[in-house]
Amino acid sequence: MFSLADKVALVTGGSRGIGRAVSVALAESGAKVLVNYAGNEAAAAETLELVRAAGSDGAICRFDVADHAQVDEAVPRLAKEHGGLHILVNNAGIALDQILLRVKPEELERTMAVNVGGALWCSKAAIRLMMRQRYGRIVNLSSVVGEAGNPGQAVYSASKAGLIGLTKTLAREYASRGVTVNAVAPGFIETDMTADLPDKVKEDAIAHTPLGRMGSPRDIAAAVLYLASDEAGFVTGQVIGVNGGMHV
Ligand code: NAD
């Protein structure tokens, strides 16, 4: 439905889960996809194979989104090698399931550094290029818990709420340069991140989801694809909830 021919997209944490589904959806619409990964090269290569099977091309690129020196080196180099950078999907993230009273300083620091810092450094590097192109689409992966809170996820939900503030601020800062910045806030999605949760937690989450099921990575990819498209050119600073009605 959407054409992303001639567009180059960078998907952080693209080796599995939602990042993989987003990479494939962007490729199906014709974008060249740069699949970032933190450590699992084989999984990133598998995503690239799926990108190629979807009829497009791309590359895999290893960097830690929380490390601004690595991001500052990689993002402009990738844009130079692959013909610009039009779409950035800040998907890389880590969960921290811990009540406030048990949170350790290093857990707070790492979760914020990856979930908020990663999106911030990647956006900074990308926006430098996008401003020159006078075109850019940034999509941040927030979460329903960033909107509604969730007992046991004080730090994670703070990080995902932080992404909403970042989204709205960057939307206002770079609208005049042709760059839109939006967020998708998934509900409870079937990926490795949720795979090990106890059955009781999963049952409760589904019970609180009016549509009565967990979401799939494809459900999230469809919303990201829309926000990455030319058709979403009048949408910026928004948070699209894809949560089965869990938060309305
Ligand atoms: P996942 O754990 O399967 O995938 C996350 C990816 O991010 C992994 O490939 C991981 O290697 C990568 N990553 C982590 N730290 C990184 C770093 N420092 N640098 C580069 N890559 C890094 O999780 P997922 O479920 O696919 O989640 C994707 C995004 O969606 C995350 O931001 C997550 O918080 C968000 N989200 C997920 C759910 C859910 O229910 N699964 C719900 C709401 C939001």
Side-chain angles (χ1 to χ4, degrees), residues 10-25 34-48 50 60-71 73-75 78 88-97 107 109-122 125 139-150 153 155-164 166-167 183-197 201-202 204-206 208-209 213-221 223-224 239-244 246-247:
L10 171 61
V11 180
T12 68
S15 60
R16 67 185 202 194
I18 292 171
R20 174 176 282 181
V22 166
S23 298
V24 172
L34 308 174
V35 181
N36 158 257
Y37 65 102
N40 192 339
E41 184 176 344
E46 244 176 71
T47 300
L48 183 58
L50 294 171
I60 61 171
C61 44
R62 179 177 188 159
F63 59 86
D64 177 348
V65 296
D67 183 331
H68 65 85
Q70 287 185 31
V71 171
E73 186 281 321
V75 173
L78 289 164
L88 167 67
V89 182
N90 285 313
N91 165 79
I94 52 175
L96 180 61
D97 297 328
E107 291 175 331
E109 277 155 28
R110 184 63 186 163
T111 307
M112 295 306 268
V114 173
N115 293 3
V116 182
L120 191 143
W121 301 129
C122 291
V139 184
N140 296 321
L141 267 294
S142 178
S143 169
V144 66
V145 306
E147 299 177 299
N150 193 25
Q153 290 193 312
V155 175
Y156 179 72
S157 56
S159 75
K160 292 294 166 179
L163 278 178
I164 294 175
L166 180 69
T167 299
V184 172
F188 198 51
I189 311 301
E190 230 168 342
T191 67
D192 290 349
M193 193 178 266
T194 50
D196 293 337
L197 291 173
V201 174
K202 290 187 193 176
D204 281 356
I206 292 169
H208 286 96
T209 303
R213 65 170 173 91
M214 288 178 79
S216 77
R218 289 289 288 182
D219 291 322
I220 307 307
V224 174
V239 183
I240 298 189
V242 184
N243 58 35
M246 189 182 233
H247 176 68

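Below, each value reflects all heavy atoms present in this structure, side chains not excepted, and no hydrogens, waters or symmetry copies. Each ligand, and each atom within it, is numbered from 1 in the order the structure gives.
Between the Thr12 side chain and the Ala92 main chain, a donor and an acceptor come within less than 3.5 Å of each other. Under a 3.5 Å cut-off, the side chain of Lys160 and the backbone N or O of Gly149 do not form any donor-acceptor pair. In this structure a side-chain-to-backbone donor-acceptor pair under 3.5 Å is present from Asn36 to Gly13. Remark: side-chain polar atoms of Thr194 are paired, donor with acceptor, to backbone N or O of Ile189 under 3.5 angstrom.
With contacts defined as side-chain heavy-atom distances shorter than 4.5 Å, the pair Leu141/Val89 qualifies. By the 4.5 Å heavy-atom criterion applied to side chains, Val71 and Phe63 are counted as neighbours.
Comparing Asn90, Val65, Asn91 against atom 29 (C) of ligand 1, the shortest heavy-atom distance belongs to Asn91. With Cys122, Gly187, Pro217 as candidates, the residue nearest to atom 38 (C) of ligand 1 on a non-hydrogen basis is Gly187. One option in Tyr37, Tyr156, Phe188 has a heavy atom closer to atom 33 (C) of ligand 1 than any other, and that option is Tyr156. Comparing Gly215, Ser142, Gly39 by heavy-atom distance to atom 44 (C) of ligand 1, the nearest is Ser142.
Counting the atoms of ligand 1 from 1 in the order shown, those under 4.0 Å from a heavy atom of Val114 are 15 (N), 18 (N). Listed by number with element, the atoms of ligand 1 under 4.0 angstrom from any heavy atom of Ser15 are 9 (O). Which parts of ligand 1 touch Phe63 is read off a 4.0 Å heavy-atom cut-off, strictly below it: atoms 19 (N), 20 (C). Against a heavy-atom cut-off of under 4.0 Å, Arg110 is close to the following atoms of ligand 1: 18 (N). Taking every heavy atom of Asn36 and a limit of under 4.0 angstrom, the matching atoms of ligand 1 come to 20 (C), 21 (N). Every atom of ligand 1 with a heavy atom of Asp64 under 4.0 Å away is listed here by number and element: 17 (C), 18 (N), 19 (N). If you number the atoms of ligand 1 from 1 as listed, the ones under 4.0 Å from a heavy atom of Gly17 come out as 26 (O).
Residues satisfying the side-chain contact (heavy atoms from CB on, under 4.5 Å) test with Ala25, not counting sequence neighbours, are Arg218, Ala221. With sequence neighbours left out, Thr111 forms a side-chain hydrogen bond (donor to acceptor under 3.5 Å, both in side chains) with no residue at all.
Looking only at protein heavy atoms, the nearest one to atom 24 (P) of ligand 1 is Thr191 OG1, 3.6 Å. Given atom 21 (N) of ligand 1, the protein heavy atom at minimum distance is Ala92 CB, 3.5 Å. Ranking the protein heavy atoms by distance from atom 12 (C) of ligand 1 puts Gly13 CA, 3.7 Å first. Looking only at protein heavy atoms, the nearest one to atom 4 (O) of ligand 1 is Arg16 NE, 3.6 Å. With hydrogens left out, the protein atom closest to atom 37 (C) of ligand 1 is Ile18 CD1, 3.8 Å, a heavy atom. The protein heavy atom nearest to atom 5 (C) of ligand 1 is Gly93 O, 3.7 Å.
Around atom CD of Glu41, no more than 12 heavy atoms belonging to other residues, nucleotides or ligands sit under 6.0 Å away.
Classification of Glu46 and Arg20 as a salt-bridged pair holds, one side-chain N sitting under 4.0 Å from a carboxylate O.
Screening Asn91, Val242, Asn140, Val139 for a side chain to side chain contact (heavy atoms under 4.5 Å, CB included) with Val224, the sole residue that qualifies is Val139. For the side chain to side chain donor-acceptor pair (under 3.5 Å) test with Asn115, the passing option among Ser142, Ser159, Ser143 is Ser159; the others fail.
Geometrically, ligand 1 and Thr194 share no nitrogen or oxygen pair separated by less than 3.5 Å. For Pro186, no nitrogen or oxygen atom sits less than 3.5 Å from a nitrogen or oxygen atom of ligand 1, counting backbone and side chain alike. Between Ile189 and ligand 1, a contact under 3.5 Å exists for at least one N or O pair.
The closest side-chain donor-acceptor pair between Asn40 and Ser15, if any, does not fall under 3.5 angstrom.
Contact annotation: for Glu190 versus ligand 1, there are no heavy atoms closer than 4.0 Å.
In this structure, atom 10 (C) of ligand 1 has no protein heavy-atom contact shorter than 4.0 Å.
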